[in-house]
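Heads up, the thing below is written out as structure tokens.
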Amino acid sequence: MTRSPSWTTGWWRERLLEGLFPSTCGVCGAPVGAGGAVCAGCLADLPRVAAPCPRCGEPETAADLCARCQRHAPRLDRLHAPWLYAWPLDRLILARKHADDATAARVLRELARRAAGEVTDAMADIHPDVPQGPDCVVPVPLHPERYRERGFNQALELAQEVARRLEVPLASRLVVRVRATESQQGLGRRERRRNVARAFALRSGAELPEAAYVLLVDDVATTGATLDALAEVLYAAGAARVDALTLARA
Ligand SMILES: [Zn+2]
Ligand SMILES: [Zn+2]
């Protein structure tokens with residue numbers, strides 16, 4: 001489990017360029033301070049997940065756990081998802097994923113850094129027993145075929161920011177996607193679970209630190225089926241706790 005050196009140069013070059021040239025907000029176009037990607041107004045206007053279920057992030061949960069988690073607890077210990085999958089985050093995520101939009105990528109990276117900061121605060125409250133936070137950050141892997149088509153993995157880009165912000169190792173080669181799953185779009189809860197079952201595996205030869213606390217990272221969580229399938233693999237490999245951080249909760 002090592003920090004991947006291949007992206008470091010590009011990462012620093014991008015940060016340097018962002019610092020040298022004044023930026024505009026990636027949502028409304030207003031000028032923002034050097035290096036900024038989104039203005040304070042747009043940031044404050046992002047629709048937040050109100051009263052989330054502490055396990056699955058379901059919004060507007062009145063009780064300690066949402067009804068679904070009470071019936072059937074997810075494998076994931078906790079989903080941290082600060083914002084709703086609604087405008088403008090839905091547009092930004094789709095623009096990055098399908099149109100390779102550089103502005104959207106910049107905004108999403110900034111939001112990942114902010115979300116990671118919030119997770120640090122939340123963890124201090126939630127896990128006083130693990131004050132050091134996660135042992136590693138794991139992006140949801142793309143199948144190699146999909147990666148070749150797309151040329152990037154959005155989850156990896158966000159995980160890089162989260163790992164840096166939390167100052168923990170990025171374990172981008174710990175798990176692999178062994179099955180190219182169908183798109184989850186338009187599938188119901190049950191179909192999504194079936195679709196991602198056995199989609200992931202520990203990379204051969206990879207090892208987790210003993211009783212590891214792992215933080216998974218992705219752009220958006222819908223039913224949590226993908227994150228649960230990954231958590232399953234990590235528990236089987238000896239993880240003690242698996243949380244996830246996504247920017248948005250659908
Ligand atoms: Zn703005
Ligand atoms: Zn729940």
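It should be emphasised that the depicted structure is a prediction, and the values quoted were computed from it without experimental measurement. Numbering of ligands and ligand atoms starts at 1, following listing order. These numbers come from the heavy atoms of this one structure, side chains and all, not from hydrogens, waters or symmetry mates.
- Here C25 contributes SG and C39 contributes SG, and at the Zn ion (ligand 1) these two atoms make an angle of 120°, given to 10°.
- Contact record, P82 with L245: CD-CD1, 4.4 Å, taken as the closest heavy-atom pair.
- Between R193 and D228 a salt bridge is recorded (basic side-chain N to carboxylate O distance below 4.0 Å).
- Salt-bridge annotation for D219 and R96: absent, with no side-chain N of the basic residue lying under 4.0 Å from a carboxylate O of the acidic one.
- Considering the Zn ion (ligand 1) as centre, the angle to SG of C42 and to SG of C28 is 110° (10° rounding).
- Using a cut-off of 4.0 Å between Lys/Arg side-chain N and Asp/Glu carboxylate O, R106 and E110 are scored as not salt-bridged.
- For the pair SG of C66 and SG of C56, the angle at the Zn ion (ligand 2) is about 110°; rounding is to 10 degrees.
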